[in-house]
Participant: 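Before we start, here is the structure in question, set down as structure tokens.
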Protein chains: 2
Amino acid sequence: MARKTKAEAAATREALLDAAEDMFMEHGVARTSLEQIARHAGMTRGAVYWHFKNKGDMFRAMLERVHMPFQDLVDEIEALEHDVSSLEAIRLACLQGLERFEQNPRSRRVHAILIHRCEFFSDIDPIAMQQEIVDECRESLYQHLLISKEQHMLVQGLSPEVATDLLQATLAGLFHDWIRDPSRFSIYERGVPLVNQLISMMRRSPDTSETN
Amino acid sequence: MARKTKAEAAATREALLDAAEDMFMEHGVARTSLEQIARHAGMTRGAVYWHFKNKGDMFRAMLERVHMPFQDLVDEIEALEHDVSSLEAIRLACLQGLERFEQNPRSRRVHAILIHRCEFFSDIDPIAMQQEIVDECRESLYQHLLISKEQHMLVQGLSPEVATDLLQATLAGLFHDWIRDPSRFSIYERGVPLVNQLISMMRRSPDTSETN
DNA sequence: TATTTTACATTCAATTGTGTATGGAAACGG
DNA sequence: CCGTTTCCATACACAATTGAATGTAAAATA
């Protein structure tokens, strides 16, 4: 086969990853062969083995295209809206995150694959990858809830640790329920009242002047 | 090979399922062959194909050994403790469920396999199975929260729909975080304060005499 | 006790996927 | 403009599983 220009080669690499997403999503990672991926992209396994070491390498590359840490969301919020409490920043970051997932089909698909369409293979450990994402999000939440506690924004009796567990579990549960079948409901429309309700229940009401 | 008695045959069936759990948990469903399962149980594939149609059939049998709907937990609570509000029944049922998962290693392992160690194969759709379990739990929660609402047990502004979403998401998130690596923390010890806090925030405080 | 099932083990044929080696034409660099 | 490298297709060797066929000895059955 004739050699392609650098731009064309990069394009086929992307096309291969797109095809991998399609097939992984439809048949699961284990049940899709590199042959199927290549065919679906209009190529042969030769192209796959040129751009990627093996299926695991391909999987990693697929994930790298959508990586997006929670802390970045908070940073964006705090950069945009200046004078906002940390609890409010968390709330807005959550809503922003929900909107991102709703509107970015690639991110949605890749996460669905990571969570529901794959298991161990070669040197890939999807559970460890999920753990990393969750830990990252959790740590970010905890830091901001610590500050919220110091600013006396949390209702009495609510420790930052429990608050973190609660928010983290709620977001994770919502996400899992949604990603299992995104066509069932809109994560944004269900998530917004959920987050608002939870945050509002966690926030100390300003009129009552309790001492902590 | 010599024929076994009925009791012995039933025992080898259980042993095969135990072996399947072991191997599925350790290597994932897709990566374990029936040969490996048979060997790990001290048998050959002949035994497997005698007791089960194929790997999918084995998987189904494995799940049937641990099935345990949420409504049963509520029923147990309401049978045991007579004079209890429906919101309190939910709370106790959740705590009971947490304890069950903590103490039943087989149930824990099988759910971990269903959620994190398998994907599509033959005629098995693990996501649909998870969906069934979740829907069942969700429906039970909703029915009891509807009653709670009618009994004016929920804080003002909290609809039974949002309350259901919230509880369901929190439980699901907690469970997912835990099942990803049960050695990281005790689902009971983290879950009890979580559930108590959430339910207490959802419960209308008895002293304030608001009208809905 | 004679016959039929049962509960496996063993063997076989066929399929499927993987990694690699090789080839070729065009793009790239000097 | 010519050698070199790149990008991919084709071909091949190899291993791993699967389902089914067959064998067999003991338990059930009547």
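Numbered from 1 within each chain, the chains take letters A, B, ... in sequence-line order. Computation of the quantities below employed the complete heavy-atom set of this structure, encompassing side-chain atoms and omitting hydrogens, waters and symmetry-equivalent molecules.
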Participant: Reckon B/Trp50 has a side-chain N or O less than 4.0 Å from the OP1 or OP2 of C/dC8?
Facilitator: no
Participant: Separation of A/Arg39 atom CZ from C/dT18 atom P, in whole Å?
Facilitator: 14 Å
Participant: Check the interface with nucleotides 28-30 of chain D: list each N/O to N/O pair with the protein under 3.5 Å, or write none.
Facilitator:
{"residue": "D/dA28", "atom": "OP1", "partner": "B/Lys6", "partner atom": "N", "Å": "3.4"}

Participant: Taking salt bridge (charged side-chain N to carboxylate O under 4.0 Å, His left out) as the definition, give me every residue that meets it alongside A/Glu102, ordered by chain and number, with sequence neighbours left out.
Facilitator: none
Participant: Holding to ring pair (Phe, Tyr, Trp, His ring centres under 6.0 Å), I want the full list of residues that pass it with A/His176, two or more places apart in sequence or in another chain.
Facilitator: B/His176
Participant: Parallel, tilted or perpendicular, judged at 30° and 60°: which one describes the rings of B/Phe175 and B/His111?
Facilitator: perpendicular
Participant: Among residues at least two apart in sequence or on other chains, which ones pass salt bridge (charged side-chain N to carboxylate O under 4.0 Å, His left out) with A/Asp181?
Facilitator: none
Participant: B/Glu8 CD to C/dA9 P: how many Å, rounded?
Facilitator: 13 Å
Participant: Scan nucleotides 15-21 of chain D nucleotide by nucleotide, 5' to 3', and note B when protein non-hydrogen atoms come under 4.0 Å of the base, S if they reach only the sugar-phosphate, - if neither.
Facilitator: --SBBB-
Participant: Can you tell me which residue pairs pass the ring pair (Phe, Tyr, Trp, His ring centres under 6.0 Å) test with a partner in residues 53-72 of chain B, sequence neighbours excluded?
Facilitator: B/Phe59-B/Phe121
Participant: Give every residue pair that meets the salt bridge (charged side-chain N to carboxylate O under 4.0 Å, His left out) criterion with at least one member in residues 23-51 of chain A, sequence neighbours excluded.
Facilitator: A/Glu35-A/Arg39
Participant: Check whether any side-chain N or O of A/Thr12 sits under 4.0 Å from OP1 or OP2 of D/dC8, and answer yes or no.
Facilitator: yes
Participant: Below 4.0 angstrom from OP1 or OP2 of C/dC8, is there any side-chain N or O of B/His51?
Facilitator: yes
Participant: Roughly how many Å is it from CE in A/Met58 to C1' in C/dG19, rounded to a whole number?
Facilitator: 16 Å
Participant: Report the residues that fulfil side-chain contact (heavy atoms from CB on, under 4.5 Å) with B/Asp123, sequence neighbours left out, ordered by chain and then residue number.
Facilitator: B/Arg60
Participant: Write down the distance between CZ (B/Arg13) and P (C/dA7), rounded to a whole number of angstrom.
Facilitator: 12 Å
Participant: Return the value, rounded to whole Å, for the distance between atom CZ of A/Phe52 and atom C1' of C/dT20.
Facilitator: 19 Å
Participant: Should A/Glu21 and A/Arg108 count as an ion pair when the cut-off is N to O under 4.0 Å?
Facilitator: no
Participant: I'd like to check the salt bridge (charged side-chain N to carboxylate O under 4.0 Å, His left out) partners of B/Asp177; sequence neighbours left out, ordered by chain and number.
Facilitator: B/Arg180
